[in-house]
Engineer: 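Before we start, here is the structure in question, set down as structure tokens.
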Amino acid sequence: MKITLSICFLALISVMYGQEYPIGVYGCYPNGRYFQEMKDAGVSVVHTYAIGGSQSGEATAQFLENAGKHQLKVMFYLRAPWWNTDGRTVDGAMQYFREYKDHPALAMCLLADEPKENILEYIKTFNTEVKKIKPDLPTAVVENRVKGWWKYAVDTTTSDILMFDFYPVGDKPFPEMNLALYTQFLDAAAKYKKPFMPVIQINNLNVFPNIVKQRGYQADQCRYPNETELKFMIWTAVSQGAKGIFFYSLERAFQRDPKRVWLDGTFLPQVRELREFSELAAPLPEITAVKNGADNKFYAAYWKRAGGEYAVIANNSGAKQVCRIQLPLNDFKPWGSTRADAVVNNGVIELEPWESVILTK
């Protein structure tokens, strides 16, 4: 299988980022220090929950201006469901949006965060009205895996892009958390024609008491994704043609990591590695070949470029696995933070639990 970009989505990417692969962070603090840190790490798009309402005009303008000063783009959160309550209207939302529609930092519009299936027709109307004002601005809806989520993937008139979020790392030690729950959602999202982008966990789930209770976690045992788990969530999505990678969220990451041990030691290095690889294998979503294992027991993707050849292989299991790779990976060497002895011999590589490897020649 070969994954290529449609002309339509190539146009969207060009509008949003030029040739830069979209790497985004939710909940970015609106000041120069954090904007610069994110930019230096390789982030290209920032988001805040402080905009999207009729009373947030000053905050909206400041966020767009400050992001632009640091060469960052903004995912503009328009809060469609909020405009459908307490006498608010779509016309009111569009009046608010018109003020910022031509701002140079505007990259895309997030219409709604996990909308329920019963407001799908409203979201379609909302998307239509945004497109009347700014036809070339990409729109997105982010969904969790709840009843009817797939309808937003099937219906191309609800948004241009499907984003999806599922946070699999809870209270069990590595490698016992079932990361396959994440890839099951990835597989489901990827099968639809709509471009998709994951929203990846960079939080300790004990900041969400409702999730802890719902899943039966021990709050004091919850933790952040370790390096292997974070890499797994990133590279499995990249290997299946994700049109960008987003993370949730900088604000939540700080809640249980005020001294930035995890942020600086785990998260930011992986963002830098993703950015570097995205430039080497650009355009990253245009994959030369995908050869996953049976039942997606492992993921394997291959990029052939003028400057080199690249591959990603990820073990979709919490146990060691011998993977038989049907890709031309002889003489490929480990790249980046991949362990030094990770090589494919005669089409075979043994991977550790949830391990992702990046190879190049």
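This one's a predicted model, so the numbers in the text were calculated from it and none came from an experiment. We use all heavy atoms of the structure for the numbers below, so side chains are in, but hydrogens, waters and symmetry mates are not.
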Engineer: Evaluate whether atom CD of Q95 has more than 12 neighbouring non-hydrogen atoms of other residues, nucleotides or ligands under 6.0 angstrom away.
Structural biologist: no

Engineer: When you check the gap from the basic side-chain N to the acidic O, do K116 and E143 get nearer than 4.0 Å?
Structural biologist: no

Engineer: Are I23 and F246 connected in the hydrophobic side-chain network, where two residues link if heavy atoms are under 4.5 Å apart?
Structural biologist: yes

Engineer: When hydrophobic residues are tied together by side-chain contacts of less than 4.5 Å, even through go-betweens, does L359 share a cluster with V312?
Structural biologist: no

Engineer: Check whether the ring centres of Y21 and F277 lie less than 6.0 Å apart, and answer yes or no.
Structural biologist: no

Engineer: Could you please spell out the steps behind the side chain to side chain donor-acceptor pair (under 3.5 Å) verdict for Q36 and D40?
Structural biologist: CA-CA 6 Å; Q36 193 60 53; D40 290 345; 2.8 Å; yes

Engineer: So, taking the atom named CG in D187 and the one named CD in Q184, what distance separates them when rounded to the nearest 0.5 Å?
Structural biologist: 7.5 Å

Engineer: Working note: Y182 + Y167, criterion ring pair (Phe, Tyr, Trp, His ring centres under 6.0 Å); need CA distance, chi angles, decisive distance, verdict.
Structural biologist: CA-CA 7 Å; Y182 165 84; Y167 309 142; 9.3 Å; no

Engineer: Distance alone, cut at 3.5 Å: any donor-acceptor contact between the side chains of S249 and R252?
Structural biologist: no

Engineer: Between the side chains of D264 and R260, is the shortest nitrogen-to-carboxylate-oxygen separation below 4.0 Å, so that they form an ion pair?
Structural biologist: yes

Engineer: Show, in sequence, the C-alpha distance, side-chain angles and deciding distance for Y122 and F126, and conclude whether the ring pair (Phe, Tyr, Trp, His ring centres under 6.0 Å) test is met.
Structural biologist: CA-CA 6 Å; Y122 172 73; F126 208 90; 5.8 Å; yes

Engineer: Can you check whether Y299 and W235 have ring centres sitting under 6.0 Å from each other?
Structural biologist: no

Engineer: Establish, from distance only, whether the side-chain atoms of N31 and N66 form a donor-acceptor pair under 3.5 Å.
Structural biologist: no

Engineer: Does I51 share a hydrophobic cluster with V90, counting links as ILVMFWY side-chain heavy atoms below 4.5 Å and allowing steps through other members?
Structural biologist: yes

Engineer: Could you go through F166 and F185, starting from their C-alpha distance and side-chain angles, then the distance that decides it, and tell me whether this counts as ring pair (Phe, Tyr, Trp, His ring centres under 6.0 Å)?
Structural biologist: CA-CA 8 Å; F166 182 82; F185 200 179; 7.0 Å; no

Engineer: N315 and side chain to side chain donor-acceptor pair (under 3.5 Å): which partner among Q321, E352, E350?
Structural biologist: Q321

Engineer: Regarding N127 and T158, do their side chains bring together a donor and an acceptor under 3.5 Å, going by distance alone?
Structural biologist: no

Engineer: Over 60° means perpendicular and under 30° means parallel, so tell me whether Y248 and Y49 are parallel, tilted or perpendicular.
Structural biologist: perpendicular

Engineer: Do V348 and F298 sit in the same hydrophobic cluster, where Ile, Leu, Val, Met, Phe, Trp and Tyr count as joined when their side-chain heavy atoms come under 4.5 Å apart?
Structural biologist: no

Engineer: Could you check whether D155 and T157, counting side-chain N and O atoms only, form a donor-acceptor pair closer than 3.5 Å?
Structural biologist: yes

Engineer: Do L250 and M38 touch side chain to side chain, with heavy atoms closer than 4.5 Å?
Structural biologist: yes

Engineer: Roughly how far, to the nearest 0.5 Å, is the CG atom of L230 from the CG atom of N226?
Structural biologist: 8.5 Å

Engineer: Under 6.0 Å from the NZ atom of K172, do we count more than 12 heavy atoms belonging to anything else shown?
Structural biologist: no

Engineer: F63 and ring-ring contact (aromatic ring centres under 6.0 Å, His included): which partner among F35, Y100, F76?
Structural biologist: F35

Engineer: Under 3.5 Å, is there a donor-acceptor pair linking the side chains of S337 and E273?
Structural biologist: yes

Engineer: Between the side chains of Y302 and E309, does any donor sit under 3.5 Å from an acceptor?
Structural biologist: yes

Engineer: With a 3.5 Å cut-off and no angle check, do the side chains of N210 and Q214 form a donor-acceptor pair?
Structural biologist: no

Engineer: Under 4.0 Å between a Lys/Arg side-chain N and an Asp/Glu carboxylate O for D160 and K194?
Structural biologist: no

Engineer: Any side-chain donor-acceptor pair under 3.5 Å between D165 and Y26?
Structural biologist: no

Engineer: For W150 and Y192: C-alpha separation, side-chain torsions, deciding distance, then whether ring pair (Phe, Tyr, Trp, His ring centres under 6.0 Å) applies.
Structural biologist: CA-CA 9 Å; W150 55 271; Y192 297 104; 7.4 Å; no

Engineer: Would you give the length of the straight line joining atom NZ of K333 to atom OG1 of T338, rounded to the nearest 0.5 angstrom?
Structural biologist: 14.5 Å

Engineer: Is a side-chain donor-acceptor pair under 3.5 Å present for R223 with N204?
Structural biologist: no

Engineer: Could you check whether F267 and Y224 have their ring centres less than 6.0 Å apart?
Structural biologist: no

Engineer: Is the closest basic N to carboxylate O distance between K297 and D295 below 4.0 Å?
Structural biologist: no

Engineer: State whether E20 and K73 are salt-bridged, where the test is any N-O pair (Lys NZ or Arg NE/NH1/NH2 against Asp/Glu carboxylate O) under 4.0 Å.
Structural biologist: no

